[in-house]
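Remarks on the structure that follows.
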Amino acid sequence: MQRVLKWSCATAVLLAFTAAGLAWAEDGVKPAQPEPTTVKSLQKQLLEENAPAPPKTESVETASAATASATAEDIEAGGLSPSVIALLLFIFVLAIFIGFEIITKVPPTLHTPLMSGSNAISGITIVGALLVAGDGQGVSAFIGFLAVVLATINAVGGFLVTHRMLAMFQKR
Amino acid sequence: MDSVYLQVAYFVAALLFIFGLKKMTHPRTAVKGNALSAIAMALALVIALVARDGYVFITVGLMVGAAIGVWLATTIKMTAMPQLVALFNGLGGAASILVAGAVLMLDPHQQAHELIATAATGVIGAVTFWGSLVAFGKLQELKAFKKPFHVPSQQMVNGLLAAFILAMCALFVVLNTGHGLVYVVIVLAASVLGVLLVNSIGGADMPVVIALLNSYSGLAAAATGFVINNVVLVVSGALVGASGLILTSLMCKAMNRSLTNVLFGVMGEGGEVADADEVYRNVRSTSADDVAMILDGAQRVVFVPGYGMAVAQAQHAVRNLAKVLEEHGAQIEYGIHPVAGRMPGHMNVLLAEADVPYEQLKEMDEINQTLDTVDVAFVIGANDVVNPVAQTDPNSVIAGMPIIEVGKARTVIVIKRSLSPGFAGIPNPLFAADNTLMLFGDAQKAVLEILNAVKENL
């Protein structure tokens, strides 16, 4: 019971921080803006509104910013605020703690399925792959395509093979 | 769709991953847990697709990847699982390198923290990919990987290489314009390091390496998350990283060796290795018929499997023998050493494939407590994990490694092809103990012979 409590608390903290970060980043978004996909692009808009003349002009046509057919202003925007980076780091560390908490309770019997299952989860790179695959042209598009294929093999194959294994454990 | 909904949806996906892993803590809920993780992945995928316009390239990529993934996952034999896990690991790492590289091409003017994340992705991804490929080659027992190639003063080469990579990363960040060429150099250097690191590792150390590479593939994904500022990548990458690290430390503990010790291939400086002929002077071999006689009336029987069982694919034969013994009133258990086999939990998967109920699978500490009340202990293709030298000789290379103390059982029957040493390269006095009988031969054939003899007897 206590474990469940501890674990839920950790999740709640993670949830709270992410939600706070989202709300904070959302603050600066113009209602009519087409959808940007990342905290980064949101943050760019935020900075742009509050500081109309950013000190340096960068071409920020990154995969993430460009994803949402960003406007010209978007591309003129400044950099990412350090607090967003801090937030990501925060989430990263908290997630590691949650991972430790949960994984230590996995019985040795399930270590192989755990490994192949978590391995499939690391196929999440597919999200990044999707974001770059369509944006680029020529070489970068091809690299993105390759990344999509590899990450999909990783994710689909990983989950399936884990399922096969776990089904054997569940037979009785 | 409004951007904040996209973010929330990503967040839900991350939460689902957490819940999915949480359900992995029990065999009954694990299938659901895995399904939950898969749903989370599908959700993240849909969000990523919604966030952009449809694209033929992507669809084709997804379909090709899914087809290959399904084909691999459904056709692979359970005994080849370690190789497959290694291979999938590597692909994840490679995908991370490519994503970070493509982002760099699209926008070379990254900020310092993004450049750091990109460099980290390149290093971790490349070590994961090449390390996993070498591990795959070794597990698949490809000819080229049978013996590690010799690198003169390998430790120094590794050290220099690591220093070079660090310097290149620093340069990459300082140059500040996201130099594609430097990134390529980093990736290439890290690739060489990955090959060298895994090259010298083999045999019983494989579970540690596989777990560590598993961890790296997660960290690579998390680093990619920092490159594209994406929460779901960061969270799930961190989860996988943590999972792999825990498994790594568990495996190291089970061998009483430190991680650096495993990675740099320093098998503890053992004292004099006992002369095998001397140790094995009193070895007694037996036959399947004799074993069947001993089994007649045995109340408690314990099987201790090792990598040899996997090689001989003897798990079904073992299960059938156990079934027959069970029908005649014997209590059956399986004692499983954490590093038996070539990856964490390897033996459990094989036995589960053969329909062994997981309640019968006992961990080392649990089985050790009751081994003195066991009538017959079978050691099937295991060696170092049952070697009493670990406890009796403080100068041995495996001194301090926890073992399954089968010697406490009334009779020990060791099924093994020969008296050749295990990975540690030392003789095993258990084989010559007074209560031990050796049954030489292929594990599957030997167990089937015992099974037939038992059936005739009854």
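Below, each value reflects all heavy atoms present in this structure, side chains not excepted, and no hydrogens, waters or symmetry copies. Proteins come first, then strands; the chains are lettered A, B, ... in the order of their sequence lines, and each starts at number 1.
Taking 4.5 Å as the limit, some side-chain heavy atom of B/I76 sits within range of a side-chain heavy atom of A/V161. Considering only heavy atoms from C-beta on, B/F129 stays 4.5 Å or farther from A/L150 through its side chain.
Both the backbone and the side chain of B/N34 come within contact range of chain A, judged by heavy atoms closer than 4.5 Å. Using a 4.5 Å cut-off between heavy atoms, B/P27 contacts chain A through both its backbone and its side chain. For B/S249, no part lies near chain A; criterion is any non-hydrogen pair under 4.5 Å. For chain A, the nearby part of B/L72 is the side chain; its heavy atoms alone come within less than 4.5 Å. For a residue to count as touching a neighbouring chain, one of its non-hydrogen atoms must lie under 4.5 Å from one of that chain's; by this rule A/A151 touches chain B with backbone and side chain alike. The contact between A/L110 and chain B is made entirely by side chain atoms (from C-beta outward), counting heavy-atom distances below 4.5 Å. For B/M63, no part sits under 4.5 Å from any heavy atom of chain A, backbone or side chain. When heavy atoms are compared at a cutoff of 4.5 Å, B/L250 approaches chain A solely by way of its side chain, counted from C-beta outward.
Checked by atom type and distance alone, the side chain of B/N89 never pairs as donor or acceptor with a backbone atom of A/N119 at under 3.5 Å. Between the side chain of A/T112 and the backbone N or O of B/P344 there is at least one donor-acceptor pair closer than 3.5 Å.
Atoms NZ and CD1, from B/K23 and A/I102 in turn, are 11.5 Å apart once rounded to the nearest 0.5 Å.
For CZ of A/F100, the number of neighbouring non-hydrogen atoms (other residues, nucleotides, ligands) closer than 6.0 Å is greater than 12.
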